[in-house]
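These notes are about the structure you will find just below.
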Amino acid sequence: MIAVIFHSLFSNGQTVRKYSNEFMNIGVDAAALGMANAVTAHSSDVNSGYWNPAGLIQLEDKQIGFMHASYFANIAQYDYIAYAAPIDNRSAWGMSAIRFGVDNILNTTQLIDSQGNVDYNRISLFSAADYGFTFSYARKLPLQGFQYGVNAKVIRRIIGNFASSWGFGFDFGLQFERNDWKFGLMLRDITTTYNIWNIDEQEYNTIKDAIPGQNQELPQTTEITAPKAQLGMSKKIEFHDDYTLLVGANLNMQFTRTNAILSSDAVSIEPALGLEGGYASLVFLRLGVGNFQNVVQIDNTKKVGFQPNMGLGFQYKGVHVDYALTNIGNQGAALYSNIFSLKVDLGIFK
């Protein structure tokens, strides 16, 4: 297990990688996940620090948000907490923390002693955990309807006593509203995000021969996360009798060739669409579809795969409780996840 973790993390470590710090791309807030993350244009609460920091400008008071989710049949735990507040009528700030970790992994590198004897008392436990800390600032621009936001990110990744890293990066977000239409742009890792790894050579030597032909030399210690972009638009439609419909759409872009349905050497694009029906700003039903990929099956035939999501929400006197069921009906793979989140307007305690 440890050797596999090392090999997947550090192979081609000094090149710009398509998939690096991927735990920072999972998403936060069950309300957004229920809409397949198509919220770049209209995100406007404490969770905007993740989705588009420009949206923090819409805060009327201090907010705090929480989320918990389990992945891979409860093997991995994903937790998030955020706080945000307005500074004045033209600016706001926020901060958040994410942890994605697998705990109680068996370390069997010392299972067999120097005499060849199996001793189960020599098994120990360790954790592989990723942490992301984000500090956000947002401000209105002099141009009417425009607002921007920036994130400074600190990444901390730990694999037991074997290796750890620090990483740093920046995001930039922009939102614009006109005639009830909202538009948003989110640029992630705009300067690329660098992770510098520190590897315990003594511990590494205990596993370097675990996979024949792999991990024979100490891995490279620099990992680079390439920039990504999300372009979004949304509109909220109000009906009679307190009914509303929010429609959001995203184009999620990576600047390399991937399995996205629109892919080239220059850019790959995955569309996403989300709907939120609301009643009296009290109860919400959400549907979303995204992650459109060209999938090659075992028999080498190709098809388009996608990820459908759904969710429910309830809001009362500044307390928002949301639930999302993600990846439902994914071509028979039972990899769906139950997401719960809570958001509280701290102004209710005044």
Side-chain angles (χ1 to χ4, degrees), residues 27-35 37 39-69 79-98 132-141 144-152 171 173-177 180 182 184 186 232 234-238 242-246 248 274 276-286 311-324 339-350:
V28 303
D29 179 29
L33 293 168
M35 296 182 66
N37 305 346
V39 299
T40 302
H42 65 265
S43 181
S44 58
D45 59 16
V46 64
N47 301 305
S48 296
Y50 178 90
W51 294 112
N52 188 336
L56 294 173
I57 285 295
Q58 303 299 326
L59 285 172
E60 297 181 358
D61 210 327
K62 300 172 184 177
Q63 278 189 347
I64 190 168
F66 307 89
M67 189 194 75
H68 173 75
D79 295 285
Y80 161 82
I81 185 172
Y83 171 84
I87 299 173
D88 50 39
N89 62 356
R90 297 193 62 84
S91 58
W93 74 282
M95 58 183 179
S96 65
I98 288 173
F133 305 95
T134 301
F135 304 89
S136 307
Y137 174 79
R139 188 168 182 84
K140 289 183 179 179
L141 287 167
Q144 185 175 1
F146 282 90
Q147 56 211 33
Y148 76 91
V150 292
N151 287 337
D171 304 330
L174 184 68
Q175 287 183 335
F176 169 65
E177 181 176 0
D180 296 326
K182 295 184 179 181
M186 178 64 169
S234 70
K235 182 177 178 63
K236 188 173 185 178
I237 305 168
E238 297 185 0
D242 295 322
Y243 289 97
T244 60
L245 177 64
L246 174 64
E276 178 189 80
Y279 174 69
S281 297
L282 183 66
V283 180
F284 303 90
L285 173 65
R286 304 179 180 102
L312 297 170
F314 177 76
Q315 172 183 316
Y316 183 69
K317 291 187 176 179
V319 178
H320 312 248
V321 180
D322 295 292
Y323 165 77
I339 316 292
F340 297 91
S341 67
L342 173 68
K343 182 175 64 180
V344 179
D345 300 319
L346 297 182
I348 65 175
F349 299 109
K350 292 182 179 179

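Worth saying up front: this structure is predicted, and the values here are computed from it rather than measured.
Checking side-chain atoms of Ser48 against main-chain N and O of Ser44 turns up a donor-acceptor pair under 3.5 Å. Looking only at distances, no side-chain donor or acceptor of Glu238 sits under 3.5 Å from a matching main-chain atom of Thr244. Side chain of Ser341 to backbone of Ala30: a donor-acceptor contact under 3.5 angstrom is found. Judged purely by atom type and a 3.5 angstrom limit, Arg90 uses its side chain to pair as donor or acceptor with the backbone of Lys140. Here the side chain of Gln175 pairs a donor or acceptor atom with the backbone of Thr40 at under 3.5 angstrom.
In this structure, OH in Tyr83 is found 8.5 Å from CD1 in Ile64, a value given to the nearest 0.5 Å. Taking CD1 of Ile81 as the reference point, atom OG of Ser96 lies at 10.0 Å (rounded to 0.5 Å). Summarising the geometry, atom OH belonging to Tyr137 is positioned 7.5 Å from atom CD1 belonging to Ile57; distances are rounded to the nearest 0.5 Å. Rounding to the nearest 0.5 Å places CZ of Arg286 at 8.0 Å from CE of Met35.
Partners of Phe146 according to the ring-ring contact (aromatic ring centres under 6.0 Å, His included) rule, which considers only residues two or more places apart in sequence or in another chain, are Phe176. Applying the side chain to side chain donor-acceptor pair (under 3.5 Å) rule to Tyr323 yields the partners Asn338; only residues at least two apart in sequence or on another chain are considered. Residues passing the side chain to side chain donor-acceptor pair (under 3.5 Å) test with Asp79 are His68, sequence neighbours excluded. With sequence neighbours left out, Asn151 forms a side chain to side chain donor-acceptor pair (under 3.5 Å) with Ser136, Asp171. Annotation: side chain to side chain donor-acceptor pair (under 3.5 Å) contacts of Asp180 (sequence neighbours excluded): none.
Residue pairs meeting the salt bridge (charged side-chain N to carboxylate O under 4.0 Å, His left out) criterion with at least one partner in residues 41-65, sequence neighbours excluded, are Asp45-Lys343, Asp61-Lys350.
Looking at heavy atoms from C-beta onward, Gln147 lies in side-chain contact with Gln58 at the 4.5 angstrom threshold. At a threshold of 4.5 Å between non-hydrogen side-chain atoms, the residues Leu246 and Phe284 do not count as touching. Within the 4.5 Å cutoff, the side chain of Leu282 has heavy atoms near those of the Tyr316 side chain. Using a 4.5 Å heavy-atom threshold, the side chains of Phe349 and Val344 count as touching.
A side-chain contact (heavy atoms from CB on, under 4.5 Å) with Ile339 is found for exactly one of Val28, Leu33, Asp322, Asp29, namely Leu33.
Contact record, Gly173 with Ala54: O-CB, 3.9 Å, taken as the closest heavy-atom pair. Across Val321 and Leu342, no two heavy atoms sit closer than the pair CG2-CD1, 3.8 Å. Closest of all the heavy-atom pairs between Ala92 and Leu56 is CB-O, 3.4 Å. The two residues Leu174 and Tyr148 come nearest to each other via the heavy atoms CD1-CB, 4.1 Å. Among all heavy-atom pairs drawn from Met95 and Phe135, the shortest one is CB-CD2, 4.1 Å. When all heavy atoms of Arg139 and Ser91 are compared, the closest pair comes out as NH1-CB, 3.6 Å.
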**Message:** Let's go through Ile98 and Tyr50 carefully: what are the C-alpha distance in whole Å and the side-chain angles of both, what is the deciding distance for side chain to side chain contact (heavy atoms under 4.5 Å, CB included) to 0.1 Å, and is it a yes or a no?
**Reply:** CA-CA 10 Å; Ile98 288 173; Tyr50 178 90; 4.2 Å; yes
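For the residue pair His320 / Asp345, a side-chain donor-acceptor distance below 3.5 Å is found, with atom types taken as modelled.
Within a 6.0 Å radius of NZ in Lys235, more than 12 heavy atoms belonging to other residues, nucleotides or ligands are found.
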